Amino acid sequence: MIKSGSRGFNRSAAKFLSAVSLSVLAIGTAHAQSTAGQDAAVEEVPANEGDAIVVTGFRASLQAALNLKRDSVAAVDAIVAEDIAKFPDQNLAESLQRIPGISITRDGGEGRSITVRGLSSQFTRVRVNGMETIATSTDGAAANRDRAFDFNVFASELFSSLVVRKTAEASLDEGSLGAVVDLNTGNPLAGRSGLNGAMSVVGSYNDLSKDLGPRLAGLLSWRNDAGTFGASVSAAYSKTSTLELGNNTVRWAQARFDNVGGVNCFTTANSGGTYVPSAGCDRAALAFHPRIPRYGEVAHDRERLGVTGSVQFSPTDATKFSIDALYSKYDASRREQWGEVLLRSNERSINVLNPVYDANNNMISATLNDAWVRTEHYLRKSQTEFYQVGGTWDQDIGDNFRFTALGGVSKSTAGIPVETTVIFDDRDAQGYSYDYTNMSFPKLTFGTSVTDPANFQLAEIRDRPSNVTNRFKTAQIRTEWDVNEGITLKAGAVWRRFNFDTEAYTRDTAVCGNGGTSIVASTSGTIACSPSSLFGPTAVYGFAVTPALSQIFNLGKAGQPAGNTNSWIVPNLDATTAFTGLYSRTARDDVGNIRGVQETTKGAYLQADAKGDVFGLEYALNAGIRYAKTDQSSYGLVSGVTATVTRSYEDWLPSANLALYPTESTIVRLAVADVMTRPTLGSLTPGGSADGFNYRVTSGNPFLEPYRATNYDLSLEWYFAPQAVLSVALFKKDVSTFTQSASITGATFAQTGLPASVLSPASPAALNPAQQLEPRWTLSTTVNGSGAKLKGIELAAQIPFSAFTDGLLSHFGILANATFIDSNASFNVQGPAIAPGGALQNKVITNTLGNVTKKAFNGTLYYDDGKFSARGMLSYRGRYHEGASGTGNILEGYGATTNFDASVRYKFTEWLEVSVEGNNLLDTYRYRFTDFDADRNYENNHFGRTILFGARFKI
């Protein structure tokens, strides 16, 4: 007989899951689970009562997840299918945030990635049906070109369970400092015989975009009467349009201005000459001002399709073959429209009036003359595809020995065929003012008309197509031998190959270079450009803007105060790209993003599982060691030539988990393990890229060592009633090394050894070659840091009121968890300049590890009486930084957020249920800061509330 409990789920948990009927788990999800010949509910009989209590719906799914946790030796948390389907989760990240110790990062209004016990998604390994994989996307503000898993690629309806493994085991894939997350699709042999199905039809409405989109899901499964063959297929489709409204600064910076308070700061106006120190000019130069203060709108259009299929064949009780496939297609577009002033690199020509400074050395308000006013229209179209095919052979050989052979392939591609920006400039505007007294909601006012096309010139065109491809190939063998009733030996071997390849190209061009004839031809030819040194209303730096090339943009509810400028013209993308022939221009290599890594891992493990009792105390344990050898080959462009670097390293990773059972209802868990995470992909490739906007050259380091740590865990769990638990977990991670950036300032571009052709033609450094010779460049790479420590406590409670009372109150319950983390690490950063116009200063500071939130809370109050159910969930994530910033700012990150979601459902019959759900009902703003202590505004945006309403059916 196949002993399924030895392959991820223990026997009792697997038995419980297979006992949950289709009616419990399948309503509203594309992965129904059912029992043979049973269509009702799981029954639990309390110890002191003779009458059975029927547990259905949400409470049954909570018990299923609790059984997985209780019966595991290691620290495990889970969510099963009904729980996923019956909460307003737009994707898997939003489902996972309800697990203790997990916080999520939202992008474009949706959950995208997770952190587990303070460690970011880079440190979390994700497996789909037992195989490690990577899913990347180009959603939100940036493409994910790294190891982090983008959970927004998948609809939550496609999965039957999510299992988070927080402590390491020798038999568990290496590569995680935080957790291993298992995403599991269907199991048709666990269903009842015959043809079964479920489907849901939901409408999704966003109150900011005023858009109504469909969300559809369905499942068909079939199993023969003998229970030897089963097959299932499921699909989920959604299409949504949301808006992101708010403001942005693109960081703050120090710079010398042309004139401050009527006092000239240079011997000649606008350009050239030498700096003339004065109290007003020095104060303005040393203070931080917003680089690109702006309001705008970001429109997100998303279309997501997912399909899964599973075939299982079990000719005997000792043999089972499974083939699982998963396909996801995720298309998204991001459209941005901004009205701004480009202080960045143009401060030399700007006159400052009435500057006001705060205690954090910020010039929080001022009036600017000769300001560089800019409006821009941006469009990115992205296409993400993911597929995985895997096969598993489970075989028992006799009563005491069994093996599992597993193999498969996966591929994730994230392509950006179009990433276009067209820019209108008015480079000598008068009377512009900004006021960041309220750092979250500034007042930005243009003194000259920004709705008159005659005031603008079409100055820049950009297009940056790119593609990222990740491939995984996996082969594994896992064996188990029951030495006796209390001891099982496990051994296995694994071979994995991971390929990461990215390529990118640019069509970035300024219409005018450094004088002469325009370098961009329009449908009407070229124009005579002014020298770059010419300043004022007669300067020609682009094509004249006509009404046909422009369109009016009106800002919606972005939190802006009264008096803010809310309308301006932006480029009409269809008209301006045709006018300039943008897409017919030859794309050139983006040398910093043509690179790749191949990693081949060969590994093996040996683990012993034991259970028994010592002096009357029951215990269960596993202990073992895992070996992994990593062969790495990385390539990148260096001075136009492809360079390849190879290396290898080995890791021996011992681990042990011990569970003690002082009483029938309490468990004490202890765990210790050596763990590792391989470095970020972008840091491993040779070569580099040059940023002519921020005067920074970044190069990779193929010889980075992995993150290595020793993890310690101690927890106490009390299962005081059915569906109930109180738990506390202590954890500590001693990280021996982590990576961080290292920089050198005060270099000239010539000292980098890179040709000027790598600079974007639209960047200030390319438009004014003299700036390439100034000692203002920063040379940056990634190095191994000295180590860090992280420790925390995780509290969780699952309390059904039926444990204390009966009647109406017995249908209520609470789920709550809180995580408190303390960490420290040293960072090499570049702090503010100490002299006007001087270089940034290298500093070493101590702060929390990147992406670590000190406090996080989740709480759910639910009601479920079998027909009517309602739930509300509040989640809080505290302030955290993401690591090094730029332009003299120190550690940028995100402010604290509080989100509230809710769900109301009514079950008319066994086959029909209707629902109304709400996501982000508080319409929470996402505040991003660019300096940890000074709290300078990077951006502050909101995304609106999403209401979902629909019906769910089963057959």
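As the structure is a computational prediction, the values presented were derived from the model and not from experiment.
- The nearest pair of heavy atoms linking Pro662 to Val668 is CG-CG2, 4.1 Å.
- Residues passing the side chain to side chain contact (heavy atoms under 4.5 Å, CB included) test with Phe801, sequence neighbours excluded: Thr805, Phe812, Ile814.
- Checked by atom type and distance alone, the side chain of Asp207 pairs as donor or acceptor with a backbone atom of Arg945 at under 3.5 Å.
- Distance check, rounded to the nearest 0.5 Å: OG of Ser238 to CZ of Arg302 gives 9.5 Å.
- Taking Gln798 as the reference, nothing meets the side-chain hydrogen bond (donor to acceptor under 3.5 Å, both in side chains) condition, with sequence neighbours excluded.
- Residues Lys166 and Asp713 form no side-chain contact, since every pair of their non-hydrogen atoms from C-beta on lies 4.5 Å or further apart.
- In terms of heavy atoms, Gly178 sits closest to Val116 at O-CG1, 4.1 Å.
- Shortest non-hydrogen contact noted between Leu921 and Gly918 is CD2-CA, 3.8 Å.
- When all heavy atoms are compared, the tightest approach of Thr666 to Thr663 is OG1-OG1, 2.7 Å.
- For Arg223 against Arg192, the heavy-atom pair with the smallest separation is CB-O, 3.8 Å.
- A distance-only check finds no donor-acceptor pair linking the side chain of Asn67 to the backbone of Asp71 [under 3.5 Å].
- Asn129 contributes a side-chain N or O that, together with a main-chain N or O of Thr185, makes up a donor-acceptor pair within less than 3.5 Å.
- Taking 4.5 Å as the limit, some side-chain heavy atom of Glu717 sits within range of a side-chain heavy atom of Arg669.
- Side chain of Ser823 to backbone of Leu849: a donor-acceptor contact under 3.5 angstrom is found.
- The distance from atom CG of Leu660 to atom CG of Leu716, rounded to the nearest 0.5 Å, is 10.5 Å.
- By the side chain to side chain contact (heavy atoms under 4.5 Å, CB included) test, Phe720 is found to be paired with Trp718, Ala724, Leu726, Ile799, Ala803, Phe804, residues two or more places apart in sequence or in another chain being considered.
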**Message:** For a salt bridge (Lys or Arg N to Asp or Glu O under 4.0 Å) check, start with the C-alpha distance between Arg905 and Glu917, then their side-chain angles and the critical distance, and finish with the verdict.
**Reply:** CA-CA 8 Å; Arg905 296 172 178 272; Glu917 304 162 323; 2.3 Å; yes

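- With sequence neighbours left out, Ser655 forms a side-chain hydrogen bond (donor to acceptor under 3.5 Å, both in side chains) with no residue at all.
- Ser72 places no side-chain N or O within 3.5 Å of a backbone atom of Lys69 that could act as its donor or acceptor partner.
- Inspection of the Ser232 and Ser310 side chains reveals no N or O donor paired with an N or O acceptor under 3.5 Å.
- The line from OG1 of Thr897 to OH of Tyr925 is 15.0 Å long, rounded to the nearest 0.5 Å.
- In this structure, Leu162 CG and Phe159 CZ are separated by 8.0 Å, a value rounded to the nearest 0.5 Å.
- Panel note: side chain Asp901, backbone Asn920; a donor-acceptor pair is recorded below 3.5 Å.
- Side-chain contact between Val852 and Tyr880: absent, with no pair of heavy atoms (C-beta onward) separated by less than 4.5 Å.
- The side-chain hydrogen bond (donor to acceptor under 3.5 Å, both in side chains) search around Ser915 returns Arg952, not counting sequence neighbours.
- The side chain to side chain contact (heavy atoms under 4.5 Å, CB included) search around Asn657 returns Val73, Ala74, Thr167, Glu169, Asn622, Ala671, not counting sequence neighbours.
- Using a distance-only test at 3.5 Å, with no hydrogens or angles considered, no donor-acceptor pair links the side chain of Ser204 to the main chain of Gly213.
- Using a 4.5 Å heavy-atom cutoff, the side chains of Leu874 and Thr898 are in contact.
- Between the Ser176 side chain and the Phe123 main chain, a donor and an acceptor come within less than 3.5 Å of each other.
- Contact of the Ile793 side chain with the Val728 side chain is registered, since non-hydrogen atoms from C-beta on lie closer than 4.5 Å.
- The backbone N or O of Gln723 sits less than 3.5 Å from a side-chain atom of Gln63, completing a donor-acceptor pair.
- With Arg877 as the fixed residue, the side-chain hydrogen bond (donor to acceptor under 3.5 Å, both in side chains) test singles out one of Asn858, Thr853, Thr819: Thr853.
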**Message:** Using side-chain hydrogen bond (donor to acceptor under 3.5 Å, both in side chains), reason through Gln312 and Asn187 one step at a time and then give a plain yes or no.
**Reply:** CA-CA 8 Å; Gln312 293 181 322; Asn187 182 16; 3.1 Å; yes

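- The two residues Arg70 and Glu664 come nearest to each other via the heavy atoms NH2-O, 2.7 Å.
- Classified by interplanar angle (parallel below 30°, tilted 30° to 60°, perpendicular above 60°), the ring pair Tyr906/Phe868 is tilted.
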**Message:** Could you go through Lys954 and Glu910, starting from their C-alpha distance and side-chain angles, then the distance that decides it, and tell me whether this counts as side chain to side chain contact (heavy atoms under 4.5 Å, CB included)?
**Reply:** CA-CA 8 Å; Lys954 73 167 186 173; Glu910 286 298 314; 4.2 Å; yes

